[in-house]
Amino acid sequence: MTAEAPPPRKGKGGRPKGDPAAVRTSTIGVRVSADEYAALRTKAEQMGMTPAQWLREAALSRRLPSPPVPPINREQYAELARLSANLNQLARLANSGEPVTVADALLQRLAGEVGRLRLALLGAGGRE
């Protein structure tokens with residue numbers, strides 16, 4: 001007598017495993033008032049989503065407003081705008097063939113401002 005091999009096993013069945021990278025493991029608790037919750041449910045239902053799906057989609061797909069610009073940045077921007085206007089006027093005169101005389105102090109100031117701006121854009125510059 002020979003022993004027959006058992007029939008092959010079927011899978012357990014049930015829902016197939018999802019992509020491990022797409023599994024949501026973290027939660028964010030947000031408290032809302034009853035009116036806010038009702039508004040969220042209404043918006044979610046209009047889109048055929050749950051409130052959690054709607055919040056996730058809204059938060060991840062919308063562009064948020066830019067953060068406020070610090071006053072020091074506005075001051076420096078205004079100073080840079082003045083210097084650029086002066087430089088633009090000088091370039092226009094030079095391009096039209098007019099003789100252009102520039103004070104060394106203005107050129108040095110402009111070079112210094114451009115250097116500080118470059119460092120600030122790289123995150124390496126500090127306010128003097």
Side-chain angles (χ1 to χ4, degrees):
M1 264 193 180
T2 60
E4 289 185 32
R9 290 181 118 188
K10 288 188 176 183
K12 288 183 182 178
R15 183 174 171 199
K17 299 255 185 226
D19 178 14
V23 174
R24 294 185 177 109
T25 59
S26 301
T27 60
I28 299 173
V30 179
R31 292 188 182 271
V32 294
S33 69
D35 290 341
E36 290 170 332
Y37 185 68
L40 288 172
R41 284 190 61 170
T42 301
K43 289 182 179 192
E45 286 172 4
Q46 289 172 350
M47 299 296 290
M49 300 176 167
T50 65
Q53 289 171 322
W54 189 87
L55 280 172
R56 186 181 307 111
E57 192 65 31
L60 296 176
S61 65
R62 289 191 180 171
R63 186 167 182 240
L64 295 175
S66 300
V69 177
I72 189 68
N73 288 13
R74 277 188 246 130
E75 293 169 13
Q76 291 298 308
Y77 183 84
E79 178 66 19
L80 187 61
R82 284 190 287 278
L83 290 171
S84 341
N86 290 343
L87 184 60
N88 192 31
Q89 290 172 357
L90 292 173
R92 188 176 306 128
L93 285 173
N95 287 335
S96 68
E98 298 284 329
V100 177
T101 305
V102 180
D104 287 342
L106 179 62
L107 286 177
Q108 289 174 348
R109 185 172 167 205
L110 181 61
E113 288 294 324
V114 169
R116 282 199 321 214
L117 176 63
R118 291 178 68 199
L119 288 174
L121 289 174
L122 293 174
R127 175 129 170 97
E128 293 177 25

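What's counted below: heavy atoms across the whole structure, side chains too, no hydrogens, waters or symmetry copies. None of the values given here were measured: they were computed from a predicted structure.
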For residues 85-105, tabulate all N or O donor-acceptor pairs below 3.5 Å that involve a side-chain atom, not counting sequence neighbours.
from	atom 1	to	atom 2	distance (Å)
Asn95	ND2	Ala91	O	3.2
Ser96	OG	Arg92	O	3.4
Ser96	OG	Leu93	O	2.9

Other than Tyr37, which residues form its hydrophobic cluster under the rule that side-chain heavy atoms must be closer than 4.5 Å? Ile28, Val30, Val32, Leu40, Met47, Met49, Trp54, Leu55
List for me each residue that meets side-chain hydrogen bond (donor to acceptor under 3.5 Å, both in side chains) alongside Gln53, sequence neighbours excluded, and say none if there are none. Thr50
Test of understanding: with side-chain hydrogen bond (donor to acceptor under 3.5 Å, both in side chains), list the residues that count as partners of Arg109, not counting sequence neighbours. Glu79
Glu113: which residues meet the salt bridge (Lys or Arg N to Asp or Glu O under 4.0 Å) condition with it, sequence neighbours left out? Arg116
Pairs satisfying salt bridge (charged side-chain N to carboxylate O under 4.0 Å, His left out), at least one member in residues 45-60, at least two apart: Arg41-Glu45
Which salt bridge (charged side-chain N to carboxylate O under 4.0 Å, His left out) pairs, counting each pair once, include a residue from residues 28-37, with sequence neighbours left out? none
